[in-house]
Amino acid sequence: MVVPTYNEAANLAWIVARLREAVPEVDVLVVDDSSPDGTGAIADDLAAADSRVRVLHRQGKEGLGAAYLAGFQVALDAGYDVIGEMDADGSHQPEQLPLLLEALRDADLVIGARWVPGGTVVNWSRFREALSRGGNLYVRLLLGMGVHDATAGYRLFRRTTLEKIDLAEVQSTGYVFQTDLTYRTVQAGLRVREVPIEFVERVRGDSKMSGQVAGESLRRITVWGLRERRDQLHGRLRRRSR
Ligand SMILES: Nc1nc2c(ncn2[C@@H]2O[C@H](COP(=O)(O)OP(=O)(O)OP(=O)(O)O)[C@@H](O)[C@H]2O)c(=O)[nH]1
Ligand SMILES: [Mg+2]
C-alpha cells in the first residue's frame with residue numbers, strides 16, 4: 001500500500017499500525033513530501049521498527065498525483081503484483097482492505113467506493129457530499145464511464161494494470177489523478193470493480209484540498225470530456241460517409 005502524506009503527524013503512526021494489524025502480509029510505502037510537521041521523521045521511526053514499512057522522502061509538496069507516481073515506480077521496481085492507494089488520515093479504514101483484496105480476484109482495478117449501494121460517508125457536511133456526488137456525476141456524463149466513484153482514493157491495482165496504462169503520460173498532479181487513472185484503466189479495456197466502503201472524515205489534521213486542486217480537476221475532466229465527444233462525432237461521421 002502506498003500512503004502519501006503531507007502534514008499527517010497526528011495520524012500516520014495510528015493508520016500504519018491499524019493497517020499492519022488488519023492485513024499483516026501487506027507492506028507499506030509512505031511517500032512524504034518533506035512535511036513541515038515532522039511526518040517524515042515519524043515515518044522513518046515506523047520503518048526502523050518494522051521491516052515491512054518503507055519511506056520515500058520527496059523534496060517538497062508536489063501534489064497527490066506526483067507522490068503516487070513516484071510511489072508506484074518504487075513498488076513496480078520492487079516487483080509487487082498488487083499495488084494499492086490509501087489516505088493517511090483515517091478516511092480509508094484498513095479493516096476494510098480485505099473487501100478490496102477479495103474483489104481484485106476478478107478485476108484489474110478495485111475502487112473502495114462511497115457512491116454505490118452500501119457505500120457510506122461518516123461526518124461529511126451536505127455541501128461536501130454534494131460536491132463529491134456532483135463531481136462524480138460530471139465525470140460519468142462527460143467521460144461516459146460506468147464508474148460511480150471515479151475520484152475515490154482507496155484502491156488496488158494489479159501490477160499489469162499499471163504497466164498497461166502508461167504512467168509516463170500522466171500529467172495530473174492533484175486529486176484529479178484518481179479520475180485520470182480510472183479513465184485510463186477503462187479506456188485500456190480493463191475490468192474496474194467498485195466495492196462499497198464506509199468513508200470516515202478525518203478527525204485530526206488539516207485537509208489539503210484547495211481551490212487549485214479543484215480547479216485542475218474541473219479543467220482536465222472538461223478537456224477529456226470534450227475530446228471524448230469529438231471522437232464520438234468523428235466516429236459517427238466516418239460511419240455515415242461509408
Ligand atoms: N505526499 C503528498 N501527500 C499528499 C499531498 N496532498 C495530500 N496528500 C495526502 O493525501 C491524502 C488525502 O489528502 P486529504 O487532505 O485527506 O484530502 P481530502 O481527503 O480531500 O480532505 P479531507 O476531507 O480534509 O481529509 C492524505 O494522506 C494527505 O496527507 C501532497 O501534495 N503530497
Ligand atoms: Mg482526507
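In each ligand, atom 1 is the first atom listed, and ligand 1 is the first ligand listed.
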Heavy-atom closest pair (I197 atom, Y154 atom, distance to 0.1 Å) is CD1-CD2, 4.2 Å

Is the shortest side-chain N to carboxylate O distance from [X] to [Y] below 4.0 Å?
X: D27; Y: R52; answer: yes
X: D106; Y: R193; answer: yes
X: D50; Y: R20; answer: yes

Taking side chain to side chain donor-acceptor pair (under 3.5 Å) as the definition, give me every residue that meets it alongside D37, ordered by chain and number, with sequence neighbours left out. T39

Those residues at least two apart in sequence (or on a different chain) that pass side chain to side chain donor-acceptor pair (under 3.5 Å) with D44 are H57

Quick check: [X] and ligand 1, any N/O pair under 3.5 Å apart?
X: M209; result: no
X: Y6; result: yes
X: Y175; result: yes
X: V31; result: yes

Within reach of ligand 1, part of A67 (heavy-atom separation under 4.0 Å): side chain

May I ask you to identify, for R202, whether its side chain, its backbone, both or neither come under 4.0 Å of ligand 1 on a heavy-atom basis? side chain

Relative to the heavy atoms of [X], which atoms of ligand 1 are at a distance of less than 4.0 Å?
X: G63; value: 30 (C), 31 (O), 32 (N)
X: E8; value: 26 (C), 27 (O), 28 (C), 29 (O)
X: E201; value: 22 (P), 23 (O), 24 (O), 25 (O)

Would you say that more than 12 heavy atoms from the other residues, nucleotides or ligands in this model lie under 6.0 Å from the CD of Q171, or not? no

Other residues, nucleotides, ligands: >12 heavy atoms within 6.0 Å of R230 CZ: yes

Determine, using heavy atoms of R128 and all atoms of ligand 1, whether some pair is separated by less than 4.0 Å. yes

Do R204's NZ or CZ and the ring of W14 fall within the cation-pi criteria of under 6.0 Å and 45°? yes

Would F157 and F72 count as a ring-ring contact (aromatic ring centres under 6.0 Å, His included) if you check the C-alpha gap in whole Å, the side-chain angles of each, and the deciding distance to 0.1 Å? CA-CA 10 Å; F157 292 93; F72 288 168; 5.7 Å; yes

Protein-side N, O or S atoms sitting under 2.8 Å from the Mg ion (ligand 2) are D89 OD2

Show every salt bridge (Lys or Arg N to Asp or Glu O under 4.0 Å) that has at least one partner inside residues 159-177, sequence neighbours left out. R159-E163

